[in-house]
Amino acid sequence: MGNANTTSITYAFETTQGVADTANLKILRHTGSDTLGNTVETVTSGEIRSDRAVADQTQVHNQPDGGFSFEGSIPQMNDLLKMLFHNDFVEVNLTLNVTIDDVGQTITGVASDFDAVINGCMVLVAGATDPLDNGLKRVIAKSVDGSVLTVETGSFLNNEAITGASIKARFLTSGTLPKFVSLEKTLPNDGTDYRTLMTGMICDTMNLSFESRQIVSGDIAFVGQETTYNTEARTYLAQNTGSVVNATKNVASFRVDDLVAVDCYKTINLTMTAGARGKDCISEKGNFDMDIGEFNISIDFSAYFRNNSFLENIKADGSQAIGWVTEDVEGNKL
């Protein structure tokens, strides 16, 4: 008899919607997969019978859906975030001559130098004489011609001209077209691997939890087009490496409105939705196509407030930007 503790999940991005790349299925690190499977929808006949029996019950729809839970390992979370955002990370790697200004908190090059950098992203600066002027800086504005980046207050301590400065960035924004993946769930039983292959899957929701004294954790859910069952032999790609991160020693640079946070946050829970949905029609037993809708992020948290600033801001219908860096022991960052 099969055992849930031996259940494995593998995944692969699809080049063609609904077509599984079974040669490149990668082992997924997860902590549970109870909801991942195939959902069958039935309708009961409304016919009234003299014997009070149900006249008929018929299947009208079926689709693969559900998800799994996981712990925070940054290399794997990169792939999961791509599924959720339905987009790929943008990599920026620049080597150029710049000047930094500690008054205006700016990095200045020439026109179009920073065209690939977006407002709000983190940039990694290297090459400055003062080590404190190097490191991660958050961009809060960019000039129209792409020559100047303004970063958050306190990022730079000196005025300096740098020859051959290194400016790197890596960021992810929500896409407009679904990113399709295949998921295969395998349950070994009496020497046979029973596999459920779900194709044309698109990510609908992800929850992430950061809590003091706890490992970063999350869960993710999908909806898709087709489910098939098999016992085929498989050779899977190795899982992503990377240590598991926790919200104590692996979280740093916690900032609110570009300033070091005054209040002490105990829990932060992010809920992100992509508006994923299947499309059905007459004569199709499952979803004939998939789509995504509005992208939303909500946050709830608990904190120890050291003053009334946050509450006063909420009362005044204000807004706040909250950000932090998560880094594992191998140096991977989010």
Side-chain angles (χ1 to χ4, degrees), residues 2 4 7-28 30 32-47 54-70 79-87 174-187 189 192-207 219-234 236 272-296:
T7 300
S8 65
I9 306 173
T10 53
Y11 71 100
F13 289 97
E14 295 177 354
T15 302
T16 302
Q17 177 181 343
V19 178
D21 183 6
T22 54
N24 288 299
L25 287 167
K26 180 183 288 188
I27 297 171
L28 182 83
H30 69 100
S33 59
D34 295 343
T35 66
L36 189 62
N38 193 70
T39 297
V40 175
E41 182 181 340
T42 60
V43 172
T44 301
S45 169
E47 181 181 339
V54 173
D56 196 9
Q57 190 172 46
T58 182
Q59 183 182 141
V60 295
H61 189 70
N62 72 73
Q63 68 180 20
D65 55 21
F68 51 85
S69 53
F70 59 88
D79 275 356
L80 298 182
L81 288 168
K82 289 195 295 184
M83 297 175 194
L84 171 73
F85 280 73
H86 295 277
N87 212 350
S174 56
T176 57
L177 297 174
K179 182 175 281 293
F180 293 93
V181 296
S182 299
L183 297 170
E184 187 165 72
K185 185 176 179 179
T186 302
L187 180 62
N189 186 18
T192 301
D193 289 336
Y194 292 90
R195 309 186 195 280
T196 303
L197 178 62
M198 294 153 277
T199 54
M201 303 288 279
I202 59 175
C203 181
D204 182 32
T205 63
M206 180 188 288
N207 300 302
D219 58 77
I220 188 169
F222 298 80
V223 62
Q225 285 184 268
E226 185 68 30
T227 306
T228 56
Y229 302 96
N230 68 84
T231 56
E232 298 174 10
R234 291 271 198 259
Y236 294 130
M272 298 169 279
T273 61
R277 59 191 181 273
K279 296 180 178 180
D280 56 78
C281 64
I282 294 173
S283 81
E284 290 283 348
K285 195 174 183 179
N287 296 319
F288 75 91
D289 199 5
M290 308 298 298
D291 207 351
I292 51 176
E294 186 176 75
F295 186 81
N296 281 293

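Because the structure is predicted, anything quoted here is derived from the model rather than measured. Positions are given from 1, in the same order as the sequence printed here. Side chains are part of it too, since the values below use all heavy atoms of this structure and drop only hydrogens, waters and symmetry mates.
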If you take all heavy atoms of Phe288 and Cys281, which pair is closest and at what distance? CD2-SG, 3.7 Å

Less than 4.5 Å apart, side chain to side chain, heavy atoms only: is that true for Asn87 and Ser174? no

Has the side chain of Asp204 got a donor or acceptor atom that lies under 3.5 Å from a matching backbone atom of Ala276? yes

Out of curiosity, Asp21 CG to Lys26 NZ, how far, rounded to the nearest 0.5 Å? 11.5 Å

Kindly determine whether Tyr236 and Glu184 satisfy side-chain contact (heavy atoms from CB on, under 4.5 Å), including the steps that lead there. CA-CA 11 Å; Tyr236 294 130; Glu184 187 165 72; 2.7 Å; yes

Are the side chain of Thr227 and the backbone N or O of Met198 linked by a donor-acceptor pair below 3.5 Å? no

Please check if any side-chain donor atom of Glu226 sits under 3.5 Å from a side-chain acceptor atom of Thr199, or the reverse. no

Would you say the side chain of Phe13 lies within less than 4.5 Å of the side chain of Asp79, judging by non-hydrogen atoms? yes

Is Arg234 close to Leu25 at the side-chain level, that is, under 4.5 Å between some pair of heavy atoms? yes

When you compare the side chains of Gln63 and Thr39, does any donor N or O come within less than 3.5 Å of an acceptor on the partner? no

With rounding to the nearest 0.5 angstrom, report the CD to OG1 distance, Gln57 to Thr44. 4.0 Å

Which is it for Asn230 and Leu197 under the side-chain contact (heavy atoms from CB on, under 4.5 Å) test, yes or no, and what are the steps along the way? CA-CA 8 Å; Asn230 68 84; Leu197 178 62; 4.1 Å; yes

Among His61, Gln225, Lys279, exactly one meets side chain to side chain donor-acceptor pair (under 3.5 Å) together with Asn287. Which residue is that? His61

Atom CD1 in Ile9, atom CG in Leu187: separation rounded to 0.5 Å? 11.5 Å

Which atoms form the tightest heavy-atom contact between Leu84 and Thr205, and what is the distance? CD1-C, 4.1 Å

Do Asp289 and Gln17 have side chains that get closer than 4.5 Å, going by heavy atoms? yes

Any side-chain heavy atom of Lys285 sitting closer than 4.5 Å to one from Asn62? yes

Measuring from Glu14:CD to Met201:CE, what's the distance to the nearest 0.5 Å? 9.5 Å

Can you check side-chain contact (heavy atoms from CB on, under 4.5 Å) on Ile220 and Cys203, steps first, answer last? CA-CA 7 Å; Ile220 188 169; Cys203 181; 3.5 Å; yes

With heavy-atom distances below 4.5 Å as the criterion, would you say the side chains of Val181 and Tyr11 are in contact? no

Can you confirm whether Leu183 sits close enough to Met83 that some side-chain heavy atom of one is under 4.5 Å from a side-chain heavy atom of the other? no

Side chain His30, main chain Thr7, donor-acceptor under 3.5 Å: yes

Validation row: Phe222, Ile202 side chains within 4.5 angstrom (heavy atoms): no

Starting from the C-alpha separation in whole Å, work towards a yes-or-no answer on side-chain contact (heavy atoms from CB on, under 4.5 Å) for Thr231 and Tyr194. CA-CA 5 Å; Thr231 56; Tyr194 292 90; 3.8 Å; yes

Gap between atom OG1 of Thr10 and atom NZ of Lys185 - 0.5 Å precision: 12.0 Å

